[in-house]
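Written below as structure tokens is the structure these notes are about.
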Amino acid sequence: MRVLPQDFYLRRPDIVARELLGKLLVRVYKGIRLSGFIVETEAYFGEEDPASRARKGGDLAMTMRGEVGIALVYGVHRQWLLNVVAHEPGNAGAVLIRAIEPFEGINMMKKLRAVNDIRNLTNGPGKLTRALAIDKRFHKRPLFLEYESLRIEQGRIVKPEEIGVSFRVNVTKDMPIPLRFYIKNSKFLSR
DNA sequence: CGCCAGATTGACT
DNA sequence: GTCAATCTGGCGG
């Protein structure tokens with residue numbers, strides 16, 4: 001299956017967040033494909049977004065302003081969270097991958113997470129990085145190249161009526177517009 | 001180096 | 001529903 005091209009990410013983060021639904025997140029781990037369809041995302045903007053790391057300065061802010069289509073991985077509450085840098089030219093932004101529906105390599109994911117329930121495998125941003133063995137080493141790596149061990153592929157078509165929208169989860173200061181996107185009937189959403 | 005906030009999770013009332 | 005363990009990045013000293 002083909003990876004998404006880099007210019008897929010050269011658009012507003014809310015657009016990219018919505019369009020990422022149904023795409024396949026792929027991690028090649030010890031020669032095995034671990035993958036899942038993206039079912040939940042959140043968009044983050046630059047300075048104007050009170051919840052965005054772009055406000056805090058430093059490396060994360062630089063990364064959010066930099067090349068699109070690369071991973072932005074950072075730690076919160078002892079978890080690693082996976083984002084994709086996405087914004088229009090000259091702006092800043094990123095999309096947080098919040099949940100995926102397990103597809104390939106499910107047994108390996110269960111081992112990595114030490115759980116059996118498939119519904120509890122990748123239904124949260126910290127859970128899915130754990131299940132796919134994603135950590136800080138992937139920070140700033142491109143997700144749009146065929147040979148990379150972490151990448152995003154074409155996936156399946158999602159109809160507009162399947163998509164739900166809400167405010168972001170656990171964000172203390174949110175934007176006045178809803179920036180969380182999810183597939184309404186999915187059994188693999190975060191709580 | 002110490003302090004602090006936080007885009008979480010899992011355990012528990 | 002509540003609560004805190006535990007760790008990273010940014011920043012001040």
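So that the names make sense, note that chain A is the first sequence line, chain B the second, and so on, each numbered from 1. Being a predicted model, the structure only gives us computed values, none of them experimental.
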Spacing of A:L72 atom CG and A:L96 atom CG [to the nearest 0.5 Å]: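 Going from CG on A:L72 over to CG on A:L96, the span is 10.0 Å.
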
Identified side chain to side chain contact (heavy atoms under 4.5 Å, CB included) partner of A:R151 from the options A:L25, A:L4, A:V28, A:L145: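 Testing each of A:L25, A:L4, A:V28, A:L145 against A:R151, the sole residue satisfying side chain to side chain contact (heavy atoms under 4.5 Å, CB included) is A:V28.
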
Look at [X] and [N] and indicate whether a side-chain polar atom (N or O) is within less than 4.0 Å of OP1 or OP2.
X: A:N170; N: B:dA7; answer: no
X: A:K127; N: B:dG10; answer: yes
X: A:R55; N: C:dC11; answer: no

How close or far is atom [atom2] of [N] from atom [atom1] of [X], stated in whole angstroms?
X: A:D174; N: B:dG6; atom1: CG; atom2: C1'; result: 15 Å
X: A:F167; N: B:dA7; atom1: CZ; atom2: P; result: 17 Å
X: A:D14; N: B:dA7; atom1: CG; atom2: P; result: 19 Å
X: A:L189; N: B:dT8; atom1: CG; atom2: C1'; result: 17 Å

Distance alone, cut at 3.5 Å: any donor-acceptor contact between the side chains of [X] and [Y]?
X: A:T41; Y: A:R18; result: no
X: A:K127; Y: A:N123; result: yes
X: A:E101; Y: A:T122; result: no

Report yes or no: is the cationic atom of A:R11 (NZ for Lys, CZ for Arg) closer than 6.0 Å to the six-membered ring centre of A:F8, at no more than 45° off its axis?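 Judged by the rule (NZ or CZ under 6.0 Å from the ring centre, within 45° of its axis), A:R11 counts as positioned above A:F8.
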
Between A:R12 and A:F45, is NZ or CZ placed under 6.0 angstrom from the six-membered ring centre and within 45° of the ring axis?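 A:R12 over A:F45 ring: no.
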
Tell me the stems DNA chain C sits in, counting at least three consecutive Watson-Crick or G-U wobble pairs, each under 3.5 Å on both distances.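 In DNA chain C, stems of three or more pairs: B:1-6 with C:7-12, B:8-12 with C:1-5.
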
Describe the nucleic acid contact of A:N83 in one word from base, sugar-phosphate, nothing, applying a heavy-atom distance below 4.0 Å.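 Counting heavy atoms under 4.0 Å across all strands, the contact made by A:N83 includes a base.
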
Using nucleotides 1-8 of chain C, report all nitrogen or oxygen pairs with the protein that are shorter than 3.5 Å.
unit_1	atom_1	unit_2	atom_2	d
C:dA5	N3	A:R78	NH1	3.4

Any chance CZ of A:R2 has more than 12 other-residue heavy atoms, nucleotides or ligands included, within less than 6.0 Å?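 Check fails, neighbour count at 12 or below.
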
Carboxylate-amine/guanidinium proximity below 4.0 Å for A:E153 and A:R33: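 Here A:E153 pairs with A:R33 in a salt bridge, since their nearest N and O are under 4.0 Å apart.
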
Residue A:M64, side-chain heavy atoms: nucleotide from B:dA7, B:dT9, B:dG10 that is nearest: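 Nearest listed nucleotide: B:dA7.
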
